[in-house]
Every structure is written in C-alpha cells, then in structure tokens.
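Worksheet: one structure, shown below.
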Amino acid sequence: MEKVGAGRGKRLPVRRIDREKLGRLVAVLLLCAAPVLLWCLTSDGSARTQQEPPESEYYQDEGGWFSDREEVERGMAAFYQATGVRPYLILLRNGSVTSPEELTAMAEERYGLLFSDEDHFLLVFCDNGSGAYNCGYTVGARAKAVMDGEAVGILAEYLERHYNDLAISEEEIFSKTFADTAARIAPHG
C-alpha cells in the first residue's frame with residue numbers, strides 16, 4: 001500500500017511557461033498591486049509622528065464602547081460651554097492598561113500629540129472588564145484654573161456614580177459625568 005506523500009507514483013507533467021508571457025504577467029500584476037501597496041503603506045499611520053485625527057472633537061473610542069456619538073458629545077459640549085475647558089476622553093480596550101500611573105503617563109504623552117494648546121482636560125479611561133475601572137488624566141496649563149484638584153475630585157465622584165448606575169448607557173456615563181461636573185464647578189455669574 002502506498003503512503004500519501006511518500007514520493008511514489010506518477011509524476012505530474014511539468015508545464016513550461018514562455019518567459020515573455022511570464023514577464024507580461026508579472027508586469028500586469030505589479031501594475032494592479034502598486035496602488036493597493038501604496039495605499040497600505042501610507043494609510044497605516046506607522047510613519048506619522050502624530051496620531052490620527054480624532055473621531056470626534058471630544059473623544060477617541062479605542063475600546064468600541066460608543067454607538068451614540070451625539071449623546072456623548074452633548075454632555076461634553078455642555079462641560080466646555082460652562083467651563084471654557086475643552087474635555088477630551090480616550091477610552092481604551094477593556095483591561096488593556098490597569099495601572100493609574102500608566103494611564104496618567106499615557107494621558108501626558110497623548111496630550112502633546114493631540115493638542116497644541118493648554119486648554120484641554122484629557123481623561124484616559126480603561127474598564128477592567130470585571131466591574132471596575134482605572135483612569136489617568138492631565139490638564140493643560142490654562143485649564144488648571146478651572147480643573148484644579150477639587151474639580152477633578154468632583155468629576156471622579158460623578159464618574160463613579162454614573163459608572164455604577166446600570167440603568168444608563170455607556171454614552172450616558174460620560175455625558176452625565178461631564179455635564180454634572182460642569183453644573184457643579186462652573187462659575188455662576
């Protein structure tokens with residue numbers, strides 16, 4: 001009994017290809033593939049020094065949390081209008097970073113990549129996938145006049161409250177956190 005792949009049996013005939021035809025075939029394939037290769041090399045972002053433009057002026061959802069962009073932006077826009085501080089949120093994939101120190105370092109690094117001003121409050125959020133989360137943040141120099149330690153503490157209280165409210169959506173967690181914080185810390189006049 002013959003074993004498959006043992007090298008016994010009939011040999012398949014070798015088909016010879018004309019070199020001229022092969023050259024034309026290679027040329028056609030290269031012409032077709034060149035635009036695709038060029039697009040792949042320029043669209044992957046690996047040669048860029050700055051990150052991709054944000055998907056929103058208020059957040060980047062790297063974890064795939066949000067489906068209702070308007071809900072998220074409503075609360076963040078209210079925060080900006082009331083405080084003059086531009087909020088920005090980066091949501092990471094669940095469990096990708098668990099250390100608040102790492103998240104803070106990430107916030108500081110990304111601030112310089114995303115913004116050329118000192119008017120932002122940047123919050124980096126990572127859910128651990130088990131009912132808890134960690135955050136890191138950084139505040140631009142001008143934004144610190146509003147987002148001082150007390151204001152950040154107020155935002156943290158609202159984030160904890162809304163995160164634990166299972167009756168609201170992921171979008172509402174952040175929308176309500178920023179809107180409620182603004183209502184409490186904004187100067188009234």
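Not measured: the values here are computed from a predicted model.
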- [ ] Sort and list the pairs that fulfil salt bridge (Lys or Arg N to Asp or Glu O under 4.0 Å) and have at least one residue in residues 132-142, not counting sequence neighbours.
- [x]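 Matches after skipping sequence neighbours: Asp119-Arg142.
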
- [ ] For residues 127-139, pull every pair meeting salt bridge (Lys or Arg N to Asp or Glu O under 4.0 Å), keeping only residues two or more places apart or in separate chains.
- [x]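 Counting only pairs at least two positions apart or across chains, no salt bridge (Lys or Arg N to Asp or Glu O under 4.0 Å) contact touches residues 127-139.
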
At their closest point, which heavy atom of [X] faces which heavy atom of [Y], and how far apart are they?
X	Y	value
Ala186	Ala82	CB-O, 3.5 Å
Thr138	Ala107	CG2-O, 3.5 Å
Val97	Cys126	O-SG, 3.3 Å

Would you say the side-chain atoms of [X] pair up with the backbone N or O of [Y], donor to acceptor, closer than 3.5 Å?
X	Y	value
Glu118	Ala141	yes
Thr104	Pro100	yes
Asn134	Thr98	yes
Asn94	Asn128	no

Task: Test salt bridge (charged side-chain N to carboxylate O under 4.0 Å, His left out) applied to Glu171 - qualifying residues, sequence neighbours left out - done: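 Not a single residue meets the salt bridge (charged side-chain N to carboxylate O under 4.0 Å, His left out) criterion with Glu171.
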
- [ ] Show the numbers, then the answer: is there a side-chain contact (heavy atoms from CB on, under 4.5 Å) between Arg184 and Asp180?
- [x] CA-CA 6 Å; Arg184 194 157 146 205; Asp180 291 351; over 6 Å; no

Any side-chain heavy atom of [X] within less than 4.5 Å of one from [Y]?
X	Y	answer
Asp117	His120	yes
Leu103	Leu92	yes
Tyr111	Val139	no
Glu170	Asp68	no
Tyr58	Tyr80	yes
Ile185	Phe79	yes
Leu91	Gln60	no

To the nearest 0.5 Å, how far apart are [atom1] in [X] and [atom2] in [Y]?
X	Y	atom1	atom2	answer
Met147	Thr181	CE	OG1	7.0 Å
Leu123	Leu155	CG	CG	6.5 Å
Ile173	Arg161	CD1	CZ	14.0 Å
Thr177	Leu159	OG1	CG	4.5 Å
Leu122	Met106	CG	CE	10.5 Å

Task: Working for side-chain contact (heavy atoms from CB on, under 4.5 Å), residues Ile90 and Leu114 - done: CA-CA 11 Å; Ile90 298 176; Leu114 291 168; 4.0 Å; yes

TODO: Flag the pair Glu73 and Arg69 as a salt bridge only when some basic side-chain nitrogen lies within less than 4.0 angstrom of an acidic carboxylate oxygen.
DONE: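 Judged by the 4.0 Å cut-off on N to carboxylate O distance, Glu73 and Arg69 do form a salt bridge.
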
Task: Sidechain N-carboxylate O distance under 4.0 Å for Glu62, Arg110 - done: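 A salt bridge links Glu62 with Arg110.
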
TODO: Test Phe115 against Tyr88 for ring-ring contact (aromatic ring centres under 6.0 Å, His included), laying out the working first.
DONE: CA-CA 10 Å; Phe115 312 117; Tyr88 198 80; 5.3 Å; yes

TODO: Taking the six-membered ring for Trp and the single ring otherwise, decide whether the centroids of Phe174 and Phe125 are under 6.0 Å apart.
DONE: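 Judged by ring-centre distance (under 6.0 Å), Phe174 and Phe125 do meet the cut-off.
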
Task: ring-ring contact (aromatic ring centres under 6.0 Å, His included) partners of Phe121, counting only residues at least two apart - done: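 Per chain and number, Phe121 pairs via ring-ring contact (aromatic ring centres under 6.0 Å, His included) with Tyr137.
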
Task: Side-chain donor-acceptor contact under 3.5 Å, Ser175 with Glu71 - done: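 Glu71 and Ser175 do have a side-chain donor-acceptor pair below 3.5 Å.
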
Open item on the list: For Glu160, give me all partners under side-chain contact (heavy atoms from CB on, under 4.5 Å), at least two apart in sequence or on another chain.
Closed with: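 Glu160: side-chain contact (heavy atoms from CB on, under 4.5 Å) contacts with Tyr133, Asn164.
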
Open item on the list: Which residues pass the side-chain contact (heavy atoms from CB on, under 4.5 Å) test with Gln81, not counting sequence neighbours?
Closed with: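 Per chain and number, Gln81 pairs via side-chain contact (heavy atoms from CB on, under 4.5 Å) with no residue.
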
Open item on the list: Checking Glu172 against Ser169 for the side-chain hydrogen bond (donor to acceptor under 3.5 Å, both in side chains) test, could you report, in this order, the C-alpha distance in whole Å, the side-chain angles of both residues, the deciding distance, and whether it holds?
Closed with: CA-CA 5 Å; Glu172 290 173 304; Ser169 69; 3.3 Å; yes

